[in-house]
Amino acid sequence: QVQLVESGGGVVQSGDSLRLSCAASGRTFSTYPMGWFRQAQGKEREFVASISWGGGNTDYADSVKGRFTISRDNTKNTMYLQMDSLKPEDTAVYYCAARLGPKIEATTSYAYWGQGTQVTVSS
């Protein structure tokens with residue numbers, strides 16, 4: 001079992017940057033590959049980025065590639081999502097999650113989820 005808590009969301013203008021954090025507690029945080037998902041109002045949850053347990057391998061959705069950077073610091077039990085060049089279409093609730101299944105972009109592969117943090121980007 002692992003507990004995940006997101007923070008760092010807020011209201012920013014188009015082109016601004018924001019850094020989200022995901023603090024983990026419980027068992028063996030460093031052994032899980034992790035991911036970030038987002039869910040806009042009225043839309044289904046979608047994959048944003050993933051990172052391997054050691055942090056060496058990352059993957060990004062095409063919509064955020066080149067703008068977002070995922071990272072983790074296992075010594076601090078924390079994962080991050082650095083979001084640059086934010087756009088209004090990035091507005092959503094952002095969730096961190098720990099993966100147990102094989103499909104990186106599938107919500108069903110992630111067993112543990114945080115409560116989400118709201119990101120709002122104005123134009």
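Note that the coordinates shown come from a computational prediction; the quantities given were computed from them, not determined experimentally. Atom set for the values below is all heavy atoms of this structure, side chains included, hydrogens, waters and symmetry mates excluded.
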(request) Would you confirm whether S109, through its side chain, and K103, through its main-chain N or O, come within 3.5 Å as a donor-acceptor pair? (result) yes
(message) Quick check: do K87 and R67 have side-chain heavy atoms less than 4.5 Å from each other?
(response) yes
(request) Mind checking the NZ-CG spacing from K65 to D59? Nearest 0.5 Å is all I need. (result) 6.5 Å
(request) Test side chain to side chain contact (heavy atoms under 4.5 Å, CB included) on Q82 and S71 and set out the steps. (result) CA-CA 8 Å; Q82 177 67 43; S71 62; over 6 Å; no
(message) Same cluster or not: V121 versus W36, using hydrophobic residues (I, L, V, M, F, W, Y) connected whenever any side-chain heavy atoms lie under 4.5 Å apart?
(response) yes
(message) Quick one, R19 and D84 - any side-chain contact, counting heavy atoms below 4.5 Å?
(response) no
(request) Establish, yes or no, whether a centroid distance under 6.0 Å links the rings of W113 and F37. (result) yes
(request) Identify the two heavy atoms, one from M34 and one from I70, that lie closest to each other, and give their separation to 0.1 Å. (result) O-CD1, 4.4 Å
(message) Contact between V119 and L18 at the side-chain level, heavy atoms closer than 4.5 Å - yes or no?
(response) yes
(message) Y80: which residues meet the ring pair (Phe, Tyr, Trp, His ring centres under 6.0 Å) condition with it, sequence neighbours left out?
(response) none
(request) Check C96 against M79 and note the closest heavy-atom contact, atom names and distance. (result) CB-CE, 3.5 Å
(message) Using every non-hydrogen atom in the two residues, find where A97 and L4 come nearest and quote the distance to one decimal.
(response) CA-CD1, 3.7 Å
(request) Take Q39 and E46, measure what side chain to side chain contact (heavy atoms under 4.5 Å, CB included) needs, and give me the verdict at the end. (result) CA-CA 6 Å; Q39 186 167 19; E46 66 174 353; over 6 Å; no
(request) Treat each ILVMFWY residue as a node, draw an edge where side-chain heavy atoms are under 4.5 Å apart, and state whether Y112 and Y95 are in one component. (result) no
(message) Any heavy-atom pair between the side chains of N57 and I51 that's under 4.5 Å?
(response) no
(request) Could you label the plane-to-plane angle of the Y94 and F68 rings as parallel, tilted or perpendicular, counting under 30° as parallel and over 60° as perpendicular? (result) tilted
(message) Taking G9's backbone N and O only, do any of them form a donor-acceptor pair with T117's side chain (distance below 3.5 Å, no angle check)?
(response) yes
(message) Donor-acceptor pair, distance only, cut-off 3.5 Å: does the side chain of R72 make one with the backbone of S52?
(response) yes
(message) Quick check: is M83 connected to V12 through a chain of hydrophobic side chains (ILVMFWY, heavy atoms under 4.5 Å apart)?
(response) yes
(message) Is the shortest side-chain heavy-atom distance between L81 and V48 below 4.5 Å?
(response) yes
(request) May I ask you to decide if A61's main-chain N or O and S63's side chain share a donor-acceptor pair within less than 3.5 Å? (result) no
(request) Report yes if the side chains of Q41 and V93 come closer than 4.5 Å at any heavy-atom pair, otherwise no. (result) no
(message) Main chain of E6, side chain of Q115: is a donor-acceptor contact present, judged purely on distance under 3.5 Å?
(response) yes
(message) Counting C-beta onward and ignoring hydrogens, is there a side-chain heavy-atom pair between S14 and P88 closer than 4.5 Å?
(response) yes
(request) Mind checking the CZ-CD spacing from F47 to E105? Nearest 0.5 Å is all I need. (result) 5.0 Å
(message) For a quick test of reading the model, state the closest non-hydrogen atom pair linking V2 to S25 and the distance between them.
(response) CG2-O, 3.2 Å
(request) Indicate yes or no: at least one non-hydrogen side-chain atom of Q118 is less than 4.5 angstrom from one of T91. (result) yes
(request) Determine the minimum heavy-atom distance between S50 and Y110, stating which atoms define it. (result) CB-OH, 4.0 Å
(message) Could you report the tightest heavy-atom contact between N74 and W53, atom names first, then the distance?
(response) ND2-O, 3.1 Å
